[in-house]
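To start, the structure itself, in structure tokens.
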Amino acid sequence: MTRVGQSNKPLYGKRILVCGKGGSGKSTVVALMATILQRKAYEVMVLDGDASNPEGLIRLLFGLGVEGEPKPLIEFFGGIDVVTCPVDDPSPLTRINDSAPVPEHRIDLFREIAAEYYLQKGSTTLLQAGKIETYGQGCDGPLEKVVRDFMVEGDAVNVIDMKAGIEHFGRTIPDRMDVILGVLDYTLESVSIAKRIAEFCQEAGIQDFWLILNKIGSEEVESLLMDKLGNLQGKVIGSISYDQELIKVGLSGNALGGCKALEEVAHIVERLEQVVSFQ
Ligand SMILES: Nc1ncnc2c1ncn2[C@@H]1O[C@H](COP(=O)(O)OP(=O)(O)O)[C@@H](O)[C@H]1O
Ligand SMILES: [Mg+2]
């Protein structure tokens, strides 16, 4: 894996959590961002952190024909019976037969993790925390602990596709994130969730919290939504049009390719490169 010029890139090494209302377009935004980041010569690590969506992100990135899903990372850490919920039991995430907390020992992905745990396309690597597999499996907190604590060495930009809503804020998952991106569609529910996320980010001291307006069908809808956002308007780093192509591609099961939304996401990534804090 080449890392040419990674240090010139403002997003290198950042962990970006993409969150928001169900159906607002989180997975679509993650897949489009991965495409743009790869085009900009970033090494990209995409983590599917949505335990409830069996194959949404994998399809958008690789298409339906992909052979087999990556093995869930939760198994690397001993499985759902071993890993605990971040809040009920705040013990650190460790590897099997090792008591050292994972965040203090960033993992060298390609040397330490077997290839069955990831899928690759160009400079993009997809991993998944784990999925709800069986009836009565229990709380998905352990999967969220993997999302929070799975930290890899190197310069890749990490883009994490989170499950819908705000439960993960109640579980301190954003604690180890550098950037929180909230995706809104054109609903009031999205606006309420964005306001709540803004409060949580303030409480957690996260400065890099930005909003993306998605599925914007007209300037009128965009300005109505901006009105509803009130003092959060300054947090909006870009909008993505309502794009029928995305729906058709999603339904067909093909990987996302070139479309109007992709170029809009290119602008959003450029904005993000300008606004993220350097530290
Ligand atoms: N900009 C957009 N224009 C039109 N449809 C979109 C757009 N973004 C996402 N969608 C569609 O909305 C649906 C939900 O998107 P998805 O990314 O799966 O949302 P989430 O991950 O937030 O649940 C999909 O059918 C997707 O194709
Ligand atoms: Mg999704």
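Keep in mind that this is a model prediction, so the values were computed, not measured. In listed order, ligands and their atoms are each counted from 1.
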Which of the ligand 1 atoms, numbered from 1, are nearer than 4.0 Å to a heavy atom of S241: 1 (N), 2 (C), 3 (N)

Return a yes/no value for S24: is any of its N or O atoms, backbone included, closer than 3.5 angstrom to an N or O of ligand 1? yes

Of D243, V265, L246, the one whose closest heavy atom lies nearest atom 4 (C) of ligand 1 is D243

Which of the listed options, A261, G23, G217, G25, holds the heavy atom that is closest to atom 23 (O) of ligand 1? G23

Would you check if V46 and I160 make a side-chain contact, meaning some heavy-atom pair closer than 4.5 Å? no

What is the nearest protein non-hydrogen atom to [atom], stated with its residue, atom name and distance?
atom: atom 10 (N) of ligand 1; result: K215 CE, 3.5 Å
atom: atom 18 (O) of ligand 1; result: S27 CB, 4.2 Å
atom: atom 17 (O) of ligand 1; result: T28 OG1, 2.5 Å
atom: atom 8 (N) of ligand 1; result: N214 ND2, 3.0 Å

Would a 4.0 Å cut-off, counted as strictly less than, catch a protein heavy atom around atom 25 (O) of ligand 1? no

Can a non-hydrogen atom of [X] be found less than 4.0 Å from any atom of ligand 1?
X: A164; value: no
X: K21; value: yes
X: A31; value: no

Check each heavy atom of I247 against ligand 1 and say whether those closer than 4.0 Å belong to the side chain, the backbone, both or neither. both

Residue pair I212, V29: steps toward the side-chain contact (heavy atoms from CB on, under 4.5 Å) verdict: CA-CA 9 Å; I212 295 172; V29 167; 4.0 Å; yes

Hydrogens and angles aside, do T124 and Q38 bring a side-chain donor and acceptor to less than 3.5 Å of each other? yes

State whether a side-chain donor-acceptor pair under 3.5 Å links E264 with S241. yes

Quick check on the Mg ion (ligand 2): does T28 put an N/O/S atom closer than 2.8 Å to it? no

What about I247 and L262, same hydrophobic cluster or not, with Ile/Leu/Val/Met/Phe/Trp/Tyr joined at side-chain heavy-atom distances under 4.5 Å? no

Taking the six-membered ring for Trp, is the centroid-to-centroid distance between F110 and Y118 below 6.0 Å? yes

Check: K121 side chain, L61 main-chain N or O, donor-acceptor pair, under 3.5 Å: yes

Can I240 and L213 be said to form a side-chain contact (heavy atoms from CB on, under 4.5 Å), step by step? CA-CA 6 Å; I240 304 171; L213 310 185; over 6 Å; no

Are K9 and Y42 in a cation-pi contact, defined as NZ or CZ under 6.0 Å from the six-membered ring centre and within 45° of the axis? yes

